[in-house]
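Here's a structure for you.
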Amino acid sequence: MTTPIAAILLLLVPVLLLPRGRVDGYRPVIIVHGLFDGPKQFQKMVLFIKKTHPGTEVTVVDMYNHMSSLKPLWKQVQGFHLAIEPIMMKALDGVHMLCFSQGGLICRALLSTMPNHNIHTFIALSSPLAGQYGDTDYLQRVFPSFMKTTVFRVCYNRVGQKVSICQYWNDPHHRSSYLKNNKFLPLLNGDTPHSKLKCKENFLRIKKLVLIGGPDDGVITPWQSSHFGFYDSKEHVVEMRNQEFYRNDTFGLKTLSARGDLSLCLRAGVKHIHWHSNFTVFTDCIENWLT
Ligand SMILES: *[C@@H]1O[C@H](CO)[C@@H](O)[C@H](O)[C@H]1NC(C)=O
Ligand SMILES: *[C@@H]1O[C@H](CO)[C@@H](O)[C@H](O)[C@H]1NC(C)=O
């Protein structure tokens, strides 16, 4: 005994049950580059996505490339915000963000400060999420006359904070200066209190967080920072689950994990600049999330 209305509802059921992202194909993918690079370095990644998921709209944000990537991070965040907002507004089912290295921190800051964002999946590809403390070519290029043990002197003050890498420089031997003078990472991690940012609420709007990294990276130091691990004051690595920001759930990481929406992908044999051109990494750690 079905009334016409019930019959119509029954007809609608299969439509309503379709996975929403699939109705008009794959969700758009926005790529944010890292330090000293730009869209050109992501051509292979764009090809991988278009080949495996035909019709995906992929945007590599063409902004703060190469030397400009050293600009202060909150300023870059503003620029990226303006660039990605129109893409988000057109995408009713949300967008995915794939962010490499320093770009991962820019993306975290974006999704922590955009109250209405519709970022579905955030993939941080070899990103120093818990900070950086290591002697690398990158550090040499920026501060040729400093070592990891002395960089805190240039970084932890107002002038230093105008250079992007200083804003995630996390010297485990100068913790109080880091907390006091670093104007970026401690805010994101909720290590220092702040009233204006609704980081946690905004962060938890994402549906999935995917962290990719590995021991042969060679740049991210410690490499576990790509998985939210970091050094303690003795330079022993403390893994994510034992970090204070995780235990206290200061920005929502623990909640996300309890929700089952945190996925870690660890791969050996990948150097820092090869993460985004390695097809095995793409198929193992990235492809399945970009639906
Ligand atoms: C974590 O919680 C402890 C105990 O409540 C508190 O003393 C500490 O300041 C908190 N740390 C952070 C980073 O929120
Ligand atoms: C690609 O990634 C795989 C692991 O997923 C690794 O074994 C291999 O060495 C990588 N190749 C390059 C060139 O990075």
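Start at 1 with the first residue, then count along the sequence. For ligands, and for the atoms within them, numbers begin at 1 and follow the listed sequence. Bear in mind the structure is a predicted one, so any value in this text is a computation, not a measurement.
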Which residue holds the protein heavy atom closest to atom 5 (O) of ligand 2, what is that atom called, and what is the gap in Å? R267 CD, 3.4 Å
Pairwise side-chain contact, S127 with F100, heavy-atom cut-off 4.5 Å (strictly under): no
Examine D191 against ligand 1 and note whether any of their N/O atoms are separated by less than 3.5 Å. no
Look at atom 12 (C) of ligand 2 and say which protein heavy atom is nearest, naming residue and atom and giving the distance to 0.1 Å. N278 ND2, 3.2 Å
Checking side chain to side chain contact (heavy atoms under 4.5 Å, CB included) between V60 and each of V32, I30, V29, V46, which is the one that passes?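 Result for side chain to side chain contact (heavy atoms under 4.5 Å, CB included) with V60: V46.
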Protein contact of atom 9 (O) of ligand 2 - nearest heavy atom, named by residue and atom, plus distance: G269 O, 2.9 Å
Closest non-hydrogen protein atom to atom 10 (C) of ligand 1, residue and atom name please, with distance? N248 ND2, 2.4 Å
Atoms of ligand 1, numbered as shown, that sit under 4.0 Å from any heavy atom of T250: 14 (O)
Identify the closest protein heavy atom to atom 11 (N) of ligand 1: which residue and atom is it, and at what distance?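 Answer for atom 11 (N) of ligand 1: E244 OE2, 2.6 Å.
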Just so I know, are the side chains of I286 and F48 near enough to count as touching, which here means a heavy-atom distance under 4.5 Å? no
Any non-hydrogen protein atom less than 4.0 Å away from atom 2 (O) of ligand 1: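 True for atom 2 (O) of ligand 1.
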Might you check, step by step, whether the distance between atom 14 (O) of ligand 1 and some protein heavy atom is under 4.0 Å?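 Protein heavy atoms within 4.0 Å of atom 14 (O) of ligand 1 - there is at least one.
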Centre-to-centre under 6.0 Å for H66 and F36, is that the case here? no
List ligand 2 atoms under 4.0 Å from V270, heavy atoms only on the residue side.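 Per the distance check, 2 (O).
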If you round to the nearest 0.5 Å, how far is SG of C107 from CD1 of I119?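 Taking CD1 in I119 and SG in C107, the distance rounds to 7.0 Å.
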Side-chain H-bond candidate by donor/acceptor type, D93 with H120, under 3.5 Å: no
Show which atoms of ligand 2 fall inside a sub-4.0 Å distance from at least one heavy-atom site of A268.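 Reading through ligand 2 atom by atom, the close ones are 4 (C), 6 (C), 7 (O).
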Between S233 and H173, do the side chains contain an N or O donor and an N or O acceptor separated by less than 3.5 Å?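 Looking only at side-chain atoms, H173 and S233 do not form any donor-acceptor pair under 3.5 Å.
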Between T280 and ligand 2, does any nitrogen or oxygen pair lie at a separation below 3.5 Å?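 No, no N or O pair falls under 3.5 Å.
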Any salt bridge between K234 and D232, counting N to O under 4.0 Å? no
